[in-house]
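Since the model is a prediction, treat every value here as computed from it, not as a measurement. Lettering follows sequence order; numbering is per chain, from 1.
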Amino acid sequence: MRLSRSFVPTLKETPAEAQIASHRLMLRAGLVRQTAAGIYAWLPAGLRVLQNIAQIVREEQDASGAQEVLMPTIQSADLWRQSGRYDGYGEEMLRLKDRHKRDLLYGPTNEEMITEIFASGVKSYREFPQNLYHIQWKFRDEVRPRFGVMRGREFLMKDAYSFDLDYEGAVIAYRKMMLAYMRTFQRLGLKAIPMVADTGPIGGDLSHEFIVLAPTGESQVYFEGGFEAIDWMKADFDNQNPADLERFTTLMTSMYAATDEKHDTAKWAEVPESNRREGRGIEVGHIFYFGTKYSEPMKLSVIGPDGKPIIPHMGSYGIGVSRLAGAIIEASHDEAGIIWPDSVAPWKAGILNLKVGDAKCDAICEEVYKALGGNALYDDRNERAGGKFADADLMGHPWQVIVGPRGAANGMVELKRRATGERVEVSVADALAKILG
RNA sequence: CGGAGCGUAGCGCAGUCUGGUAGCGCACCAGUCUGGGGGACUGGGGGUCGUGGGUUCGAAUCCCGCCGCUCCGACCA
């Protein structure tokens, strides 16, 4: 995109309502605008980020064998009355009435709905296991929304729901999803640690929160260094192989990890000192097994091989997609602005034309822009160099192609890596190779 | 939901206490000089001071109601 013709309204000053770094930077970099308390509009740059995050989540869900669907945001109250949650959910649920005075709600989650949909279509025990997910907007009427998109009322979430014939099957589904999460967060450029969460009435250890490490995180976390050492994209775990999943789980559960509420100082003391890590964390995902909590009341059952009905065991698996946009910034920014990981950046590169109107600068910028296409945001505004540098740093492009009259005269550009600040003078071809490679 | 605060130009703010022709910085528009980390100068445009009522000769300012937003606490992807 050409910045001169783009709606990317950057701000030099911070709006008064933004308190934390990610909120400030999202407003300043022109990613989002608040339209009501805890409700945000996503502008072109922000939408690209959101879509990049969602796409990575989608790819890893698909790779784990889950199938994408799309359920509505509006649900009927009757559905929730069947599970008994309509009255229990409380003020967090946004309740609506249609013109016929029928009770509706804006979905805060989709267990009831997916269970009913699955029940209406599944015919045989032979169709199991299955896992269905969608990436959809949710609404929870938080008493006190804050931290920008990190804790909005409306938020984009990936939620997956697994269906298995028995507990053993559900455990495999759970482990698959945990592995998918480790890969997902790594691809998003994050260090994420699974931590045992509240076990609930059905028990077991089948509930984990995924905490992303960020200096400004809400809670204190303690974990072993081993979590950081693993490259999940290379790690040899086949998600279709139960033995691999077992090995994976053993590895995960062998290492200590806890948030401050659950911190066990005795167990912590057993961790070798050199291996202890502490930090701040933001919850970005939650997975849990809940057995037949919904399948039973929603009347999901299939006939088993022995002719007897089976009530499937379920689990659900959430990732806060819109929250991640904020969390990534919390984990990756500096005084000047955002430092996007390559995988989620709205544009891989910013092209900075330091002297618009200079024939050589213009020609080189056009050449680079043509080669990078949609991967680049071309700052072709007739602005001063300083403003372009500041905006590029603020917007956080992983690469900056800086084209000024000095280098352009010799056909050279400067290539700056946002994350390290490193700048090198290179030919156009070399710059393109670096960015696209 | 308890406690606190704020609402004045696109953004950041002053003016409110003590009523008297609505201001500053940045941004924006035009022009000149500039031109590698938010430059200088000149000239402009932009406000029913959140909203409704009341007091007053006169209200951004005082009084009452309402709405919105933010912060702290209890709660959450």
Side-chain touch A/Gln186/A/Asp231, heavy atoms, less than 4.5 angstrom: yes

Pairwise P distance, B/U56 and B/A74 [rounded to whole Å]: 48 Å

Ionic contact status for A/Lys293 with A/Glu111, cut-off 4.0 Å: no

Rounded distance in Å between the C1' positions of B/U61 and B/G19: 6 Å

Sugar-phosphate only, base, or nothing, as touched by A/Gly152 at under 4.0 Å among non-hydrogen atoms: base

Per-pair stack call A/Phe389 and B/G38, 5.5 Å, 30°: no

Spacing of A/Arg144 atom CZ relative to B/G73 atom C1', expressed in whole Å: 8 Å

Pair partner, B/G68 [Watson-Crick or wobble, under 3.5 Å]: B/C6

Position toward the 5' end of RNA chain B (nearest nucleotide), A/Glu92 or A/Thr10: A/Thr10

Parallel, tilted or perpendicular: ring planes of A/His263 versus A/Tyr222, cut at 30 and 60 degrees: parallel

Heavy-atom donor-acceptor pair, A/Arg146 side-chain to B/C76 base, under 3.5 Å: no

Sugar-phosphate only, base, or nothing, as touched by A/Gly404 at under 4.0 Å among non-hydrogen atoms: base

Residue of the set A/Lys12, A/Arg384, A/Arg381 for which salt bridge (Lys or Arg N to Asp or Glu O under 4.0 Å) holds with A/Asp391: A/Arg381

Sugar-phosphate only, base, or nothing, as touched by A/Thr14 at under 4.0 Å among non-hydrogen atoms: sugar-phosphate

Proximity of A/Tyr289 and A/Tyr174 rings by center, below 6.0 Å: no

Sugar-phosphate, base or nothing in reach of A/Val143, heavy atoms under 4.0 Å: base

Complementary nucleotide of B/G36, counting Watson-Crick and G-U pairs under 3.5 Å: none

Separation between the P atoms of B/C64 and B/C6, rounded to whole Å: 15 Å

Sugar-phosphate, base or nothing in reach of A/Asp159, heavy atoms under 4.0 Å: nothing

Rounded distance (Å) that lies between atom C1' of B/A77 and atom OH of A/Tyr106: 15 Å

Separation of B/A27 P from A/Asp391 CG (nearest whole Å): 12 Å

Enclosure of A/Glu68 CD (heavy-atom neighbours >12, cutoff 6.0 Å): yes

Sugar-phosphate only, base, or nothing, as touched by A/Gly386 at under 4.0 Å among non-hydrogen atoms: sugar-phosphate

Partner nucleotide of B/G23 by Watson-Crick or wobble geometry (both distances under 3.5 Å): B/C13

Ion pair check, A/Arg151 and A/Glu218, cut-off under 4.0 Å: no

Below 4.0 Å: OP1/OP2 of B/C72 and any side-chain N or O of A/Gln19: no

Nucleotide nearest A/Ile402 (side chain, heavy atoms from C-beta), chosen from B/G36, B/C76, B/G12: B/G36

Selection from B/U70, B/A74, B/G12 that lies nearest to any side-chain heavy atom of A/Ala37: B/U70

Touch class at under 4.0 angstrom, heavy-atom based, for A/Glu283 against every strand present: sugar-phosphate

Ring centres under 6.0 angstrom apart (A/Phe210, A/Tyr317): no

Base B/G35 paired with A/Arg384 side chain (donor-acceptor, <3.5 Å): no

Euclidean distance for P, B/G35 against B/G45 (whole angstrom): 31 Å

Between P of B/C75 and CG of A/Asp141, the distance in whole Å: 18 Å

Base B/G37 paired with A/Arg423 side chain (donor-acceptor, <3.5 Å): yes

Sugar-phosphate, base or nothing in reach of A/Leu11, heavy atoms under 4.0 Å: nothing

Presence of salt bridge, A/Asp141 and A/Arg95, under 4.0 angstrom: no

d(CD, A/Glu335; P, B/G38) in whole Å: 16 Å

Nearest-angstrom distance, C1' atom, B/C57 to B/G65: 26 Å

Touch class at under 4.0 angstrom, heavy-atom based, for A/Glu17 against every strand present: sugar-phosphate

Touch class at under 4.0 angstrom, heavy-atom based, for A/Ala336 against every strand present: nothing

A/Ala36 side-chain proximity, nearest of B/C69, B/A77, B/C13: B/C69

A/Lys12 side-chain N/O to B/A27 phosphate OP1/OP2 under 4.0 Å: yes

Rounded distance (Å) that lies between atom P of B/A77 and atom NE2 of A/His134: 16 Å

Nucleotide paired to B/U18 in any strand shown, Watson-Crick or G-U, under 3.5 Å: none

Complementary nucleotide of B/G58, counting Watson-Crick and G-U pairs under 3.5 Å: none

Pairwise P distance for B/G20 and B/C62, with rounding to whole Å: 11 Å

Distance-only donor-acceptor test, A/Glu13 side-chain atoms vs B/G25 base atoms, 3.5 Å: yes

Nearest-Å distance once atom C1' is located in both B/U16 and B/C1: 32 Å

Position toward the 5' end of RNA chain B (nearest nucleotide), A/Asn382 or A/Lys388: A/Asn382

Nearest-angstrom distance from the residue atom OH of A/Tyr89 to P of B/C76: 10 Å

Nucleotide nearest A/Gln34 when distance is taken to its side chain, options B/G38, B/C69, B/G12: B/C69

Sugar-phosphate only, base, or nothing, as touched by A/Ala390 at under 4.0 Å among non-hydrogen atoms: base

Whole-Å C1' distance, B/C17 and B/C63: 15 Å

Length of the line joining A/Asn353:CG and B/G36:P, which is rounded to integer Å: 13 Å

Complementary nucleotide of B/G73, counting Watson-Crick and G-U pairs under 3.5 Å: B/C1

